[in-house]
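One structure is given below, encoded as structure tokens.
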Amino acid sequence: MDSIINLEEYFDLVGSEESKLRRYQACLQEFERLNYDDPFIRQIRNEVVSLERKLKLSLN
């Protein structure tokens, strides 16, 4: 499996909320493609929802 983040992102995982959201969404897409689910994946899904809400509020 190819990495969905580059080396710079790997060492700087803090990043902006937008970049975190894109990274999480890419992870979830890959896990869905693999038909894989576990508690960690569900935690990522919850974090995506939280980030989407936060970003939506910041745009208003």
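Keep in mind it's a predicted model, so treat the numbers as computed, not measured.
Annotation: the span from Tyr24 atom OH to Gln29 atom CD amounts to 15.5 Å, rounded to 0.5 Å. In this structure, NZ on Lys54 lies 7.0 Å from OG on Ser50, to the nearest 0.5 angstrom.
Between Lys20 and Glu17 there is no salt bridge, since no side-chain nitrogen of the basic residue lies less than 4.0 Å from a carboxylate oxygen of the acidic one.
Evaluation of the salt bridge (charged side-chain N to carboxylate O under 4.0 Å, His left out) rule for Arg42 yields Asp37 as partners, not counting sequence neighbours. For Asp38, the side chain to side chain contact (heavy atoms under 4.5 Å, CB included) partners at least two apart in sequence or on another chain are Tyr36, Phe40, Ile41. Take Glu18 and apply the side chain to side chain contact (heavy atoms under 4.5 Å, CB included) test, not counting sequence neighbours, and it matches Ser16, Arg22, Leu55. Scanning for side chain to side chain donor-acceptor pair (under 3.5 Å) contacts around Glu52 gives Gln25, with sequence neighbours left out.
Under a hydrophobic clustering in which Ile, Leu, Val, Met, Phe, Trp and Tyr are joined whenever their side-chain heavy atoms come within less than 4.5 Å, directly or via other members, Leu34 and Leu28 fall into the same cluster.
The closest side-chain heavy-atom distance from Arg53 to Lys56 is not below 4.5 Å.
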